[in-house]
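In this text, all values refer to a predicted model and were calculated from it rather than measured experimentally. Each chain gets a letter, A, B and so on, in the order the sequences are listed, and its residues count up from 1. Heavy-atom basis, side chains included; hydrogens, waters and symmetry copies ignored.
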Amino acid sequence: MTPLGPAFFDRDVVTVARALIGVTLLVDGAGGEIVETEAYDREDPASHSFSGPTARNAAMFGPPGHAYVYLSYGIHWCLNLVCREEGHGAAVLIRALEPTHGIGAMRERRGLQSDKLLCSGPGRLSQALGVTRRLDGVALDAPPFRLLCGEASRRMVRDGARIGITKAMDRPWRFGVAGSPYLSRPFPRP
DNA sequence: AGCCAGATATGCT
DNA sequence: GCATATCTGGCTT
């Protein structure tokens, strides 16, 4: 397991979303292997950055390799990783992890749960890892974050329509490990 | 599988 | 002011 290189996020957001599958994401030592992501781009009607910079989405227009954290439906925190050059407003939403590290701490934060429901969804994942607004705009290459690339465990990555959006449904910018029990939702049959 | 409440920051009128 | 939101959990069909 080696840390991601500094140029990892300095690429097209769709490329990064796919490349993040299989990467281990930890916050204060708790987390797991990313099994589901979604890409959001500046020219994307479904993206928070579509209408330009605001106070909320400022991190999306900041440097790549930093976190963008926002509150969804007034209840759930969602973690995104900013991509491309500064000012591009592109980020990858982390939607699900396969828990591997700090499972005890994650169970405590989530309340008693089966491991399958610990990190299977953007809100659940943030609750399990303790992600809140305090991590908005924070760099990913230093504590509390750790991003580790494992052995080339080439798992089969599938793509499909993103979840929970009402615009740009045609863009197949959701990526995930086909058949993983830790997905927030299964991918349709091939 | 489908329906609905919950809680609030955000952005647009 | 007000409708909306990158959601989840619990309840009903």
Side-chain angles (χ1 to χ4, degrees), chain A residues 9 12-18 20-21 23 25 27 31-32 34-62 64 66-84 88-99 106-138 140 158-177 180-189:
Chain A
F9 291 101
D12 175 83
V13 67
V14 174
T15 301
V16 175
R18 182 174 243 123
L20 278 169
I21 302 298
V23 168
L25 165 68
V27 175
I34 297 171
V35 296
E36 184 182 347
T37 62
E38 285 178 0
Y40 289 86
D41 190 63
R42 176 75 169 78
E43 289 78 37
D44 169 11
S47 173
H48 286 178
S49 60
F50 182 66
S51 300
T54 64
R56 176 179 64 165
N57 67 20
M60 284 188 88
F61 291 92
H66 288 236
Y68 165 47
V69 180
Y70 70 92
L71 186 63
S72 180
Y73 290 90
I75 302 176
H76 309 288
W77 296 101
C78 293
L79 172 65
N80 300 254
L81 311 185
V82 178
C83 296
R84 292 175 120 199
H88 273 230
V92 176
L93 172 67
I94 309 300
R95 288 196 56 90
L97 305 178
E98 176 173 336
M106 294 197 286
R107 279 216 192 98
E108 213 161 286
R109 280 189 284 252
R110 290 267 305 134
L112 294 179
Q113 287 282 348
S114 73
D115 283 7
K116 277 210 288 200
L117 294 177
L118 262 189
C119 301
S120 63
R124 290 167 175 161
L125 172 166
S126 292
Q127 186 181 26
L129 305 208
V131 172
T132 65
R133 161 138 263 166
R134 84 185 189 286
L135 296 179
D136 186 41
V138 170
L140 300 172
R158 187 112 78 213
D159 61 56
R162 292 171 294 180
I163 293 177
I165 59 172
T166 55
K167 301 165 195 158
M169 301 289 292
D170 54 311
R171 297 179 198 214
W173 285 1
R174 175 184 181 227
F175 301 95
V177 176
S180 168
Y182 301 99
L183 294 171
S184 67
R185 287 175 44 179
F187 282 83
R189 289 271 161 186

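Scanning both residues, A/I163 and A/E38, for their nearest heavy atoms gives N-OE2, 2.8 Å. Residues A/Y40 and A/I165 come closest through the heavy atom pair OH-CG2, 3.6 Å. The two atoms that bring A/C83 and A/V92 nearest to each other are SG-CG2, 3.8 Å, heavy atoms only. Considering every non-hydrogen atom in both A/S47 and A/G89, the closest pair reads OG-O, 4.3 Å. Closest approach of A/F187 and A/F175 over heavy atoms only: CZ-C, 3.7 Å. When every heavy atom of A/D136 is checked against every heavy atom of A/R56, the shortest pair comes out as OD2-O, 4.3 Å.
Here side-chain hydrogen bond (donor to acceptor under 3.5 Å, both in side chains) pairs that include residues 124-135 of chain A, with residues two or more places apart or in two chains, are A/R110-A/Q127, A/S120-A/R124, A/T132-A/R134.
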Determine all donor-acceptor pairs shorter than 3.5 Å in which one atom belongs to a side chain in residues 66-82 of chain A; sequence neighbours excluded.
| from | atom 1 | to | atom 2 | distance (Å) |
| --- | --- | --- | --- | --- |
| A/H66 | ND1 | A/G137 | O | 3.1 |
| A/Y68 | OH | A/H48 | ND1 | 2.8 |
| A/N80 | ND2 | A/Y68 | O | 3.2 |

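As a whole-Å value, the separation of A/Q127 CD from C/dT8 C1' is 10 Å. In this structure, the CZ atom of A/R95 is 8 Å from the C1' atom of C/dC7, given to the nearest Å. Here C/dC7 presents its P atom at 14 Å from CG of A/L79, a figure rounded to the nearest Å. One can place CZ of A/R185 at 12 Å from C1' of C/dC7, the figure rounded to the nearest angstrom. Rounding to whole angstrom units, OH of residue A/Y73 and P of C/dA5 are separated by 6 Å. Between the CG atom of A/N80 and the P atom of C/dC7 there is a distance of 11 Å, rounded to whole Å. To the nearest angstrom, P of C/dC7 lies 9 Å from NE2 of A/H76.
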Pairs under 3.5 Å (Watson-Crick or G-U), crossing ones as [ ], inter-strand ones as |: DNA chain B comes out as ||||||.|||||.

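Nucleic acid contact class of A/R162 (heavy atoms, under 4.0 Å, all strands): none. At a threshold of 4.0 angstrom between heavy atoms, the contacts of A/I165 are confined to the sugar-phosphate backbone, with no base atom among them.
Using a 4.5 Å heavy-atom threshold, the side chains of A/K116 and A/Y182 count as touching. In this structure the side chain of A/R107 reaches within 4.5 angstrom of the side chain of A/D115, judged on heavy atoms. Within the 4.5 Å cutoff, the side chain of A/F50 has no heavy atoms near those of the A/N57 side chain.
Contacts with DNA chain C (heavy atom under 4.0 Å) in residues 115-123 of chain A: A/G121, A/P122, A/G123, listed by number.
Between C/dG1 and B/dA7, the two P atoms lie 22 Å apart (nearest whole Å). For the P atom pair drawn from C/dA3 and B/dA5, the interatomic distance equals 16 Å after rounding to whole Å.
Among residues two or more places apart in sequence or in another chain, the side chain to side chain contact (heavy atoms under 4.5 Å, CB included) test is passed with A/R171 by A/D44, A/P45, A/R162, A/A168, A/W173.
Contact between the side-chain N/O atoms of A/R110 and the OP1/OP2 oxygens of C/dT8 is not found at any separation under 4.0 Å.
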Tabulate atom names and distances for all N/O pairs under 3.5 angstrom spanning the protein and nucleotides 10-13 of chain B.
| from | atom 1 | to | atom 2 | distance (Å) |
| --- | --- | --- | --- | --- |
| B/dT10 | OP1 | A/R133 | NH1 | 3.0 |
| B/dT10 | OP1 | A/R133 | NH2 | 3.3 |
| B/dG11 | OP1 | A/T54 | OG1 | 2.3 |

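When the nucleotides B/dG6, B/dT8, C/dC7 are ranked by their closest atom to the side chain of A/I163, C/dC7 comes out on top. For A/T166, the listed nucleotide lying nearest its side chain is C/dA5; candidates were C/dC7, C/dA5, B/dT8.
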